[in-house]
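Throughout, a chain's letter reflects where its sequence line sits, starting with A, and its residues are numbered from 1.
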Amino acid sequence: MNNYQVPKGTKDVFGEEITKWHKIEDLIKQFTYVYNYTEIRTPIFEHTEVFKRGNDSSDMVNKEMYTFIPANSSTSITLRPEGTAGVARSFVENKMYGNTDLPAKLYYVGPQFRHESPQKGRLRMFNQFGIECIGAKNPLLDVEAISLGYSFVAAIGLQDLKVLLNTLGDDESRANYREALKEYFKDEISNMCPDCQRRYIQNPLRILDCKVDAHKPIMNNVPKMSDYLNEESKAYFKQVCDGLDALDIPYEIDDRLVRGLDYYTHTVFEVVSENSAMGSQCTIFAGGRYDGLVEYFGGPACSGIGWAMGIERLLLACEGEGIELAEEANLDAYVLCLSKNANIHAFKVLNELRANGYRSETDYLDRKFKAQFKSVERYKATVAIMIGDKDIENGTVTIKRIADQKQFVIKFEELITTMDEIFGETDEHAHTCNCGNEGCTCGEHDHSTNE
RNA sequence: GCGAUUGUGGUGAAGUGGUUAACACAACUGGUUGUGGUCCAGUCAUUCGUGGGUUCGAUUCCCAUCAGUCGCCCCA
């Protein structure tokens, strides 16, 4: 009993669903094009150290990675849990800091892997569209990145969105803040959740993220990042805010927003959907600025900004807001075969149609005429082309335009010109021949209306 | 990793410790042998996620397992 099924947290995408993906992918190409981002395709697995760096405190790195050592190897490999690290690695490895106009503006689309418990909006293999802009530190680039993502989701039609923004400041500001937090939680930490006790040591900022302790009184008067920013960090953040204002991008400053990945500095943001269809996973895209990553991979000191968008979540949000992305698979022509003898002739017609770019299909199940006609309907074919014994004798085919039920018997040689006429028309009724005879296919008359 | 809940044909979905597993949709066939959508009739689950156990007998009860869904957590 072979009961094969997809691994937990993965899914097959096909049929109508895949047309939604194509639509999204087309839009990604359009938006990245005008913002002058180019695509990068990095491996979906990397050496484990690319993701597991230093004292990374994130769950993603510590608990959720697909890490393995392949047979006949001693090198630890990890399926990428996120896109930024691989891009930063590639930026350094390919010496993009020297070869390209900086900043390098790169985007990627592809699967990411995290071993989590699946639920709505959370899969073990999921797809992200992400951008990374590396090699320049300018608040306008932070704004540009947010603008690209925001206008992208806005173009799709999403409305129940909220942009959350915060700054973590530079190293100095963050170090001061970290000390302030440690001091603040010093006496209380032993009463807090085990995760927070770990965070207290590894990365106190993330205590702010904690949901377990969120309601405790101690959380009410937590020192604010904004009080510990040095002048430079404050000025940087102000320029980001000013830029967003200038582009009319609405946002809320959320001083608890610290993000789960440890490499962020300065700007961090999260764009969430407030639609009820989202369940508890409501972040559509999120990211921020990172300063140390390029150096970590052995490159020069280079700042970057980027974000990643969960495509499955984007699709969920679209569904929730009633945005229809699926495209109907309309056929141009369905070829009906009316007798066994006509089989090969019908097949030739089919081939001729396809050679001329018409999306065509026929019946391969030897179904009755009636059943074949149902396929015409199901495929929403523009025309039905019928071929039977009579047509074989006469060298003709019968072509029926479904929209107006008009039907013509034409010579096989006229097939494509007739199709071109039908499909070339912009006016629905232009094909009706001026000679007055219904269904006229004489080909002698001029079928254009303005003559 | 923890908790809750679900799992019956292509789809939706009833149901029972006893064997013909409702009904609807879809599909196919015929009425209508070269013209679809309507109508009528017929056909379509040796099987109830998978594996064990209890039982004379399990789709039904029990256990395990896999998967879905929803929370926690985490994050896109």
At under 4.0 Å between heavy atoms, which parts of nucleotides 33-42 of chain B does protein reach? Answer with one letter per nucleotide, 5' to 3': B base, S sugar-phosphate only, - none. -BBBB-B---

Taking only the side-chain nitrogens and oxygens of A:R378, find out if one of them lies under 4.0 Å from OP1 or OP2 of B:rA27. yes

So that I can tick it off, tell me whether A:D26 and A:K23 are bridged by a salt bridge, with the cut-off set at under 4.0 angstrom between side-chain N and carboxylate O. no

Please state how far atom CZ in A:F113 lies from atom C1' in B:rC74, giving the value in whole angstrom units. 19 Å

B:rU6 and B:rC25, which share atom name C1', separated by this distance in whole Å: 23 Å

Which part of the nucleic acid, if any, lies within contact of A:S117, taking any heavy atom under 4.0 Å across all strands shown: a base, the sugar-phosphate backbone alone, or nothing? base

Determine the interatomic distance between C1' on B:rG9 and the same-named atom on B:rC48; round to the nearest Å. 10 Å

To the nearest Å, how far apart are A:F285 CZ and B:rA76 P? 13 Å

When the distance from CE of A:M65 to P of B:rC75 is rounded to whole Å, what number comes out? 14 Å

If I pick the P atom on B:rG17 and the same atom on B:rU60, what distance separates them, to the nearest angstrom? 11 Å

Could you tell me if the ring centre of A:F423 sits under 6.0 Å from that of A:Y358? yes

Do A:D142 and A:Y236 get their side chains close enough for a donor-acceptor pair, meaning under 3.5 Å? yes

Could you pick out which residue, A:C282 or A:K120, lies toward the 5' side of RNA chain B when each is mapped onto its nearest nucleotide? A:K120

Between CD of A:Q128 and P of B:rA76 the distance, given in whole Å, is 7 Å

Please work out if A:G121 contacts a base, only the sugar-phosphate, or nothing of the nucleic acid, heavy-atom cut-off 4.0 Å. base

By the 4.0 Å heavy-atom rule, please label A:G9 as base, sugar-phosphate, or nothing. sugar-phosphate

At 4.0 Å (heavy atoms only), tell me whether A:E312 reaches a base, stays on the sugar-phosphate, or touches nothing. nothing

So does A:T283 get a side-chain nitrogen or oxygen closer than 4.0 Å to the phosphate oxygens (OP1/OP2) of B:rC75? no

Kindly say if A:Q5 contacts the phosphate of B:rA67, meaning a side-chain N or O under 4.0 Å from OP1 or OP2. no

Whole-Å gap separating P (B:rC73) and CD (A:Q119): 10 Å

Taking B:rU35 as the reference, what is the distance to B:rU29 when you measure between their P atoms (whole Å, please)? 16 Å

Sidechain N-carboxylate O distance under 4.0 Å for A:R80, A:E82: no

Can you see whether A:Y200 has A:K182 sitting over its ring - NZ or CZ less than 6.0 Å from the centre and within 45° of the normal? yes

Cationic N near anionic O, under 4.0 Å, A:R89 to A:E46: yes

Assess whether a salt bridge exists between A:R354 and A:E361, defined as any Lys/Arg side-chain N lying under 4.0 Å from an Asp/Glu carboxylate O. yes

Regarding B:rC73, can its base be found pairing with the side chain of A:R122 as donor and acceptor, where the two atoms are less than 3.5 Å apart? yes

When the C1' atoms of B:rC44 and B:rC28 are compared, how many Å lie between them, rounded to an integer? 8 Å

Picking from A:V268, A:L244, A:D254, what satisfies side chain to side chain contact (heavy atoms under 4.5 Å, CB included) with A:L165? A:L244

Taking the P atom of each, how far is B:rG57 from B:rU38, in whole Å? 49 Å

Over all strands shown, is A:L123 touching base, sugar-phosphate only, or nothing at heavy-atom distances under 4.0 angstrom? base

Separation between the P atoms of B:rA67 and B:rC23, rounded to whole Å: 35 Å

So, OP1 or OP2 of B:rG30: does either fall under 4.0 Å of a side-chain N or O from A:K368? yes

Among A:Y37, A:Y290, A:F129, ring pair (Phe, Tyr, Trp, His ring centres under 6.0 Å) partner for A:W307: A:F129

Nearest-angstrom distance from the residue atom CG of A:L161 to C1' of B:rA76: 14 Å

Taking atom types as they are modelled, is there a donor-acceptor pair under 3.5 Å from the base of B:rC74 to the side chain of A:Q281? yes

Between B:rC75 (P) and A:R256 (CZ): distance, integer Å: 16 Å

Could you check which nucleotide pairs with B:rU43 in any of the strands shown, counting Watson-Crick or G-U wobble with both distances under 3.5 Å? B:rA27

Counting only Watson-Crick or G-U wobble pairs whose two distances fall under 3.5 Å, which nucleotide matches B:rG1? B:rC72

Salt bridge flag under 4.0 Å for residues A:E144 and A:K105: yes

Can you check the distance between B:rU59 and B:rA45, where both ends of the measurement are the C1' atom (answer in whole Å)? 11 Å

note: A:E64, atom CD; B:rC74, atom C1'; distance rounded to Å ~ 6 Å

Can you say whether a donor on the side chain of A:R367 sits under 3.5 Å from an acceptor on the base of B:rC28, or the other way round? no

